[in-house]
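Worksheet: one structure, shown below.
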Amino acid sequence: MKHKTLFISILVTIMAFSCFAQTKKDHARYDKISREYVINDDGSLDYTYKMDLKLLSRRSWNDDFGETFIIYNPEFQTVKVNEGYTQRADGTKVYLPDNAITNSLPFSCTDCERYNGIKEMVISHTALEMNCIIHLDYTIHSDAAFIKEFMENIDFVQYCPVTEYTVTVKTPKNITLKNRMLNLRLAPTTGTEGDRNVYTWRLTNVMQSSNESYMPSDMVYPELILSTFNDMSHAYFAFVNQTAFRDYNLPESSETIASITNKDKKPYDNIIAIRNYVADAIHLNNLNPKYTDYQASSASTTWKSACGTELDKAILLTAMLRNAGYEAIPVALIKERYHSDEIACLDLISHYAVRTRIDGTDFYLSPTEKNGSSLEYTYGGYMAYPIDSSIDHFTARYLGPVDNEVSIKGDIKINDNGTANERVSYSITTAGLPYYEIINDNSRLSKYATGTKGEITCGKVDFTNAEFTVNAKDVDMEQIGESGYYTLNLPAASNTFSVSPAYLNENREHPIRCKKTDEAYTYTITLPKGWKSVTKDVHKNFMNSFGYMDIDIRANGNTITVTRSLKITQETIEVSQYKAFRAMMNDWADDAWKKITVKQ
């Protein structure tokens, strides 16, 4: 008789883990989820998924769980449904009929012939009712195609809670599995089963995804990163070792490049013209690169088909920029907290972009969106991996976040006819400032000034900061009836603190993610002779470990002075700080303190 032995290692945390108790009524519940990965000796992979899902409301099968979708690529993958049935509330089982399993074309592939071979298996679950249990067991076999090593990122959170979630990985004894658990201290049980190493993680009572606003999801939910690559460097060179990253020659695009560029224009204008062409004319397929085994299409292939993934479009944009005479290289963007030199998972890459140089400065372009700013600032807190097959060592650059800063100084004079003359000085620091657009056209700054319209005088401008002045004459004030009362909304800025009190419920279960900010507003309002302020004097001050707020409104004769300041010093507001933070934000957002009322 053949015996299996399992040697248990010391655990950092004992097998069971309870994330959070569920206090609200659930529409459904996973009794069990099991994911097993078996790495075969030839490098192929057998992935088996099993679930038992209990439905607790009509919504659960009408809107959420009536079907299961499995995307796969028949070029190197096959799918087998091992077992599927619905256990009804009375205990009887209704097995999946043959016509409950169909193959279709994934929506993300419908507009690109090159990807028409990729399939989406749709499994329609039958006999659904209250308190039934959907049981599904299927296996995906993947050949060792382009990427020979195993990589996986498992996000344990689901749309409903999970009672028990098990992940098992079995590898040949000569292969070491690297693993990293995020947001949870839990080590695997390790041992052997025949001629294989076995790694197992078991979680219990995994919370469902939250619908709270401003969620720092990647800091709350447990995630598991798995890889058999030795390190990130080995994964990087396995990925870039393909023709698409070596051949950027694209003579067929020359005519188009000539028609959309002009040698008499500034480099930025031509570069953006090429980027806009790729964003508009090349259809985007939102297909995860793992379904092509991370094999990218050449620039020529994407050009001829006029469609591609974000990675394909980044390669095409690189080729077109190079053929137009500009430096360019594709770049992968990954959140800094996912980056590690020791463990690699290409599925954690969030976006692909292109790095070019304008006037000696690096500029990061999106191949899919027509933004006028460098992604270097939009994706603050990310790591950038240049995708370059010619280099001999892996490098990564950290893109630091840009904190919001607003400084507004307004000199406002009320006229006898119920209008106002405003001179407002702005200093705006924000990610995503369209620097080159601004220096070409000062009117672009108007979107950063709200509550006032007038002549813009531009001062110092760089990639993250703009200083300018708006002069507005005869601005209409809002007249209240025929009683001689007028209200004036004070000028503001559009890039102010992004957390709205409207989305802050009385109670909260999870932290808030926000941007650090420093806002300061000073207004001096001068009234004509015989006019008076009916705005109540206000002084509100709030200080806490996460920042402070100060609002001061004072009238002195024919002068009203308004000062407002807000500073947030944390990127994460903890649950213990939430009530104080919410109270402060409610005061800060109160419209009563963003305007003045005067009487003629």
**Item:** Test item: side-chain donor near acceptor, Ser233 and Asp231, under 3.5 Å
**Value:** no

**Request:** With sequence neighbours excluded, give me every disulfide bond (SG atoms under 2.5 Å apart) pair touching residues 299-338.
**Result:** Cys112-Cys307

**Prompt:** Taking C-beta and beyond as the side chain, do Val220 and Met207 meet within less than 4.5 Å on heavy atoms?
**Reply:** yes

Scan the side chains in residues 356-363 for donor-acceptor partners under 3.5 Å anywhere in the protein, sequence neighbours excluded, and list what turns up.
from   : atom 1 : to     : atom 2 : distance (Å)
Thr356 : OG1    : Glu327 : O      : 2.6
Arg357 : NH1    : Asp362 : OD1    : 2.6
Arg357 : NH2    : Gly360 : O      : 2.4

**Message:** Between Phe239 and Phe394, is the ring centroid distance below 6.0 Å?
**Reply:** no

**Pairing residues for Glu310 by the salt bridge (charged side-chain N to carboxylate O under 4.0 Å, His left out) criterion, not counting sequence neighbours** = none

**Request:** Sort out for me which residue in Arg275, Lys313, Lys370 forms a salt bridge (Lys or Arg N to Asp or Glu O under 4.0 Å) with Asp280.
**Result:** Lys370

**Prompt:** What orientation do Tyr382 and Tyr379 show, parallel under 30°, tilted 30 to 60°, or perpendicular over 60°?
**Reply:** perpendicular

**Backbone of Ala299 reached by a side-chain donor or acceptor of Thr302 within 3.5 Å** = no

**Message:** If the condition is side-chain contact (heavy atoms from CB on, under 4.5 Å), which residues does Ser494 pass it with, not counting sequence neighbours?
**Reply:** Tyr448, Thr450

**Item:** Full working for salt bridge (charged side-chain N to carboxylate O under 4.0 Å, His left out) between Asp403 and Lys515
**Value:** CA-CA 6 Å; Asp403 301 332; Lys515 272 201 165 189; over 6 Å; no

**Request:** Specify whether Tyr37 and Tyr47 have parallel, tilted or perpendicular ring planes, treating 30° as the upper limit for parallel and 60° as the lower limit for perpendicular.
**Result:** parallel

**Pairs meeting criterion ring pair (Phe, Tyr, Trp, His ring centres under 6.0 Å) with involvement of residues 278-300, two or more places apart** = none

**Request:** Report the residues that fulfil salt bridge (charged side-chain N to carboxylate O under 4.0 Å, His left out) with Arg114, sequence neighbours left out, ordered by chain and then residue number.
**Result:** Asp312

**Prompt:** Parallel, tilted or perpendicular: which fits the ring planes of Phe463 and Tyr436, with parallel below 30° and perpendicular above 60°?
**Reply:** perpendicular

**Prompt:** Checking Ser389 side chain against Phe245 main chain: does a donor-acceptor pair fall under 3.5 Å?
**Reply:** yes

**Message:** If we count only N and O atoms by modelled type, under 3.5 Å, do the side chains of Thr368 and Ser366 hold a donor and an acceptor together?
**Reply:** yes

**Message:** Could you check, using the six-membered ring where one of them is a Trp, whether Tyr548 and Phe542 have ring centers closer than 6.0 angstrom?
**Reply:** no

**Donor-acceptor side-chain pairing of Asp591 and Asn489 below 3.5 angstrom** = no

**Request:** Ignoring hydrogens and angles, state whether a donor on the side chain of Glu519 or Ser565 is under 3.5 Å from an acceptor on the partner side chain.
**Result:** no

**Message:** If you define the side chain from C-beta out and look only at heavy atoms, does anything of Cys514 sit under 4.5 Å from Ile573?
**Reply:** yes

**Message:** Testing the 3.5 Å rule here: is there a donor-acceptor pair between the side chains of Gln208 and Tyr159?
**Reply:** no

**Request:** Please determine if Arg564 forms a cation-pi arrangement with Trp588, meaning its NZ or CZ atom is less than 6.0 Å from the six-membered ring centre and no more than 45° off the ring axis.
**Result:** yes

